[in-house]
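Some notes on the structure that comes next.
Position 1 is the first residue of the sequence; numbering continues from there.
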Amino acid sequence: QVQLVESDGGSVQAGGSLRLSCVTSVYTATSYSVAWFRQAPGKEREGVAVITLDGTTMYTDSVKGRFTMTRDNAKNTLYLSMNMLKPEDTAMYYCAATKALLFKWNALRRTSYDYWGQGTQVTVSS
């Protein structure tokens with residue numbers, strides 16, 4: 001069982017930056033793939049970034065070059081650094097974890113993940 005707690009969301013203007021944090025209750029580096037998802041009002045939850053168990057990092061196309069996912073294993077903490085934010089990045093952001101085997105085709109699918117945090121809100125104004 002993994003518990004995840006997100007923090008550091010907020011409101012910024014377009015072009016600004018935020019860094020989200022997600023503290024996990026267990027050491028995830030050797031047993032779990034971890035990811036960030038987001039959900040805007042009226043839309044499906046979409047995968048944003050993932051670090052798979054073998055250390056591969058993948059991003060959805062809309063954030064490539066702007067977002068960076070990292071982890072600090074000593075602190076059991078995941079980060080999502082978001083730069084050049086756009087109004088369309090406005091959403092609730094969630095971190096997630098899974099022990100399932102991930103491939104490129106399923107790494108950013110919501111159904112691949114078993115453990116979820118409660119989310120942190122990001123609002124980008126134009």
Practice prompt. Quick one: which residue pairs count as a ring-ring contact (aromatic ring centres under 6.0 Å, His included) with a foot in residues 39-87, not counting sequence neighbours?
Written response: none

Discussion item. Please say yes or no: joined through hydrophobic side-chain contacts below 4.5 Å, possibly via intermediate residues, are Val63 and Val122 part of one cluster?
Written reply: yes

Response to the item:
Distance col, row Glu6:CD vs Cys22:SG, nearest 0.5 angstrom, shows 5.0 Å

Let me check something: any side-chain donor-acceptor pairs from residues 81-89 under 3.5 Å, sequence neighbours excluded? List them with distances.
unit_1, atom_1, unit_2, atom_2, d
Asn83, OD1, Ser17, OG, 2.9
Asp89, OD1, Arg38, NH1, 2.9
Asp89, OD1, Arg66, NH2, 3.0
Asp89, OD2, Arg66, NH1, 2.8
Asp89, OD2, Arg66, NH2, 3.4
Asp89, OD2, Lys86, N, 2.8

Fill in: Val2-Val23 co-clustered via ILVMFWY side chain contacts under 4.5 Å
no

Worksheet item: Heavy atoms, side chains only, cut-off 4.5 Å: are Thr56 and Lys104 in contact?
Response: no

Worksheet item: What's in the same ILVMFWY side-chain cluster as Leu101, cut-off under 4.5 Å, chained through other members?
Response: Phe103, Trp105

Discussion item. Closer than 3.5 angstrom, by distance alone: can the side chain of Ser33 be matched with the main-chain N or O of Leu53 as a donor-acceptor pair?
Written reply: yes

Discussion item. Does Gln118 have more than 12 heavy atoms from other residues, nucleotides or ligands lying within 6.0 Å of its CD?
Written reply: no

Worksheet entry | Side-chain (Thr90) to main-chain (Val124) donor-acceptor, under 3.5 angstrom | yes

Discussion item. For a 4.5 angstrom cut-off between non-hydrogen side-chain atoms, does Tyr94 reach Arg110?
Written reply: no

Fill in: Value rounded to 0.5 Å, distance of CG in Leu4 from SG in Cys95
4.5 Å

Fill in: Student check: side-chain heavy atoms of Ser7 and Thr120 closer than 4.5 Å
no

Fill in: Identified side chain to side chain donor-acceptor pair (under 3.5 Å) counterpart of Arg71 within the set Thr77, Thr28, Thr24, Asn76
Thr28

Item to complete: Walk me through it: do Thr52 and Met58 pass the test side chain to side chain contact (heavy atoms under 4.5 Å, CB included)?
Response: CA-CA 8 Å; Thr52 61; Met58 290 181 270; 3.7 Å; yes

Worksheet item: Would Val34 and Met69 satisfy side chain to side chain contact (heavy atoms under 4.5 Å, CB included), going step by step from the backbone distance to the final call?
Response: CA-CA 10 Å; Val34 288; Met69 182 175 179; 3.8 Å; yes

Worksheet item: Can Phe37 be reached from Val48 by stepping across I, L, V, M, F, W or Y side chains whose heavy atoms are under 4.5 Å apart?
Response: no

Practice prompt. Going by the side chain to side chain contact (heavy atoms under 4.5 Å, CB included) test, name the single residue among Leu18, Asp8, Leu20 that passes it with Tyr93.
Written response: Leu20

Worksheet item: For the atom pair OG1 (Thr123) and CE (Met92), what is the distance rounded to the nearest 0.5 Å?
Response: 9.0 Å

Worksheet item: Given the rule that I, L, V, M, F, W and Y join up when any side-chain heavy atoms are under 4.5 Å apart, are Trp116 and Leu108 in one cluster?
Response: yes

Discussion item. Within this structure, what is the CG-CD distance for the pair Asp114 and Gln1, rounded to the nearest 0.5 Å?
Written reply: 9.5 Å

Worksheet entry | Nearest atoms (heavy-atom pairs only) where Thr98 meets Leu102 | CG2-CD1, 4.0 Å

Worksheet item: Does the pair Val50 and Tyr113 meet the rule for a side chain to side chain contact (heavy atoms under 4.5 Å, CB included), with working shown?
Response: CA-CA 11 Å; Val50 58; Tyr113 293 82; 3.2 Å; yes

